[in-house]
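Here's the structure, in structure tokens; my notes come after.
Computed from heavy atoms alone, side chains included, the values below leave out hydrogens, waters and symmetry copies.
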Amino acid sequence: MELWELIARESIRDLVARYNANGDSGRFEQMLQVFAEDASMELVAVDGTVRRYDGIAHVATIFTETKANWDAGARASGGIATTVRPRHHIRHFTSTHQIDLVDETHATGRCYFFVIMPHGLDHWGRYVDEYGVRDGRWVITLRRALSDGRVDRASNA
């Protein structure tokens with residue numbers, strides 16, 4: 001294995017970790033930095049429905065809508081105006097991250113994910129990614145988040 005391969009693999013692993021850690025903490029601006037400006041993201045639901053977002057501005061709407069829902073939920077559940085930032089209690093976990101280097105500036109990858117929320121396991125699936133080097137750093141150029149399952153909270157209440 002050559003040095004560039006080790007650097008590429010570690011850089012790509014770091015992208016996936018930063019995506020999850022920043023997203024789970026509501027730091028969406030930092031999370032979006034793992035994407036290329038022209039990145040695309042596809043969200044594939046359990047039923048196979050696909051929603052595609054092209055370009056970083058469009059990808060960002062996924063997370064601004066999430067933040068608005070989180071903030072609305074915090075206001076609805078608390079009922080008291082506060083300057084304290086609401087806690088969202090969401091954690092994404094990834095495993096079995098396989099990275100295939102195409103060349104020194106392109107790679108693909110896939111890993112499993114599962115998401116824990118206050119009620120427990122919420123959903124799980126796979127990330128299928130394409131990566132590239134832009135301005136000297138690795139970024140996600142395409143992320144497909146394929147949901148394999150979801151817990152029906154109504155039946156667990």
Side-chain angles (χ1 to χ4, degrees), residues 5 8-74 76-77 85-103 105-134 137-157:
E5 293 173 293
R9 289 178 186 283
E10 191 55 31
S11 297
I12 290 167
R13 279 187 196 81
D14 189 63
L15 292 175
V16 173
R18 288 180 187 280
Y19 173 88
N20 288 334
N22 285 319
D24 287 350
S25 301
R27 295 186 309 262
F28 299 120
E29 185 174 319
Q30 292 91 333
M31 185 197 66
L32 289 167
Q33 292 174 7
V34 306
F35 289 96
E37 284 295 318
D38 61 347
S40 295
M41 187 158 175
E42 293 180 356
L43 304 178
V44 184
V46 175
D47 67 3
T49 303
V50 178
R51 292 183 305 174
R52 185 175 173 100
Y53 301 81
D54 292 313
I56 196 67
H58 197 203
V59 170
T61 64
I62 300 167
F63 308 106
T64 53
E65 290 171 9
T66 298
K67 183 177 182 335
N69 290 338
W70 278 355
D71 293 347
S77 65
R85 187 174 176 182
R87 298 184 69 188
H88 305 293
H89 303 292
I90 183 170
R91 299 292 180 261
H92 286 72
F93 295 88
T94 56
S95 66
T96 318
H97 192 186
Q98 180 181 341
I99 300 167
D100 296 314
L101 299 173
V102 176
D103 58 33
T105 60
H106 299 90
T108 61
R110 66 209 54 72
C111 61
Y112 301 122
F113 70 83
F114 68 93
V115 179
I116 301 293
M117 296 180 75
H119 59 274
L121 179 63
D122 187 74
H123 63 283
W124 58 94
R126 296 160 284 139
Y127 293 136
V128 179
D129 296 331
E130 294 180 12
Y131 312 102
V133 174
R134 304 288 168 81
R137 67 182 187 92
W138 283 93
V139 290
I140 297 170
T141 58
L142 172 64
R143 167 152 279 187
R144 296 186 76 223
L146 299 108
S147 293
D148 292 334
R150 168 169 236 95
V151 173
D152 179 8
R153 284 188 269 166
S155 65
N156 292 335

Rounded distance [0.5 Å steps], CZ in Arg91 versus CE in Met117: 11.0 Å

Close side-chain approach of Val50 and Leu43, heavy atoms under 4.5 Å: no

Correct closest heavy-atom pair for Val151 and Leu121 would be CG2-O, 3.1 Å

Distance-minimising heavy-atom pair for Leu101 and Ala8: CD2-CB, 3.8 Å

So CZ of Arg27 and CD of Gln33: to nearest 0.5 Å the spacing works out to 11.0 Å

Would you say Val16 and Arg143 make side-chain contact, with heavy atoms under 4.5 Å? yes

Taking the side chain as every heavy atom from C-beta outward, state whether Phe35 and Val139 have any atom pair closer than 4.5 Å. no

Going by the ring-ring contact (aromatic ring centres under 6.0 Å, His included) test, name the single residue among Tyr112, Phe113, Phe114 that passes it with Phe93. Phe114

In short, Cys111 meets Ser95 closest at the heavy-atom pair CB-O, 3.3 Å

Heavy atoms, side chains only, cut-off 4.5 Å: are Ile62 and Arg51 in contact? no

Rounded to the nearest 0.5 Å, what's the gap from CE on Met31 to CG on Asp24? Could you check? 9.5 Å

Do you know which two heavy atoms are closest between Ala39 and Ile140, and how far apart they sit? CB-O, 3.5 Å

Would you say that His106 contacts Thr141 through its side chain, given a criterion of any heavy-atom pair below 4.5 Å between the two side chains? no

Do the side chain of Ser147 and the main chain of Val46 share a donor and acceptor less than 3.5 angstrom apart? no

Point-to-point distance, once rounded to the nearest 0.5 Å, from CZ of Arg126 to OG1 of Thr96: 12.5 Å

Criterion salt bridge (charged side-chain N to carboxylate O under 4.0 Å, His left out) on Asp129 and Arg110, from CA distance to verdict: CA-CA 6 Å; Asp129 296 331; Arg110 66 209 54 72; over 6 Å; no

Which heavy-atom pair separates Ile99 from Arg9 by the least distance, and what is that distance? O-NH1, 2.9 Å

Glu37 atom CD, neighbour heavy-atom count above 12 within 6.0 Å: no

Pairwise side-chain contact, Tyr127 with Asn20, heavy-atom cut-off 4.5 Å (strictly under): yes

So do Leu142 and Arg52 actually touch side chain to side chain, heavy atoms under 4.5 Å? yes

State the CD1-NE2 distance between Ile116 and His123, to the nearest 0.5 angstrom. 10.5 Å

Give me the atom names and distance for the closest heavy-atom approach of Ser11 to Trp138. CB-CD1, 3.6 Å

From Asp38 CG over to Arg134 CZ, what is the distance, rounded to the nearest 0.5 angstrom? 4.5 Å

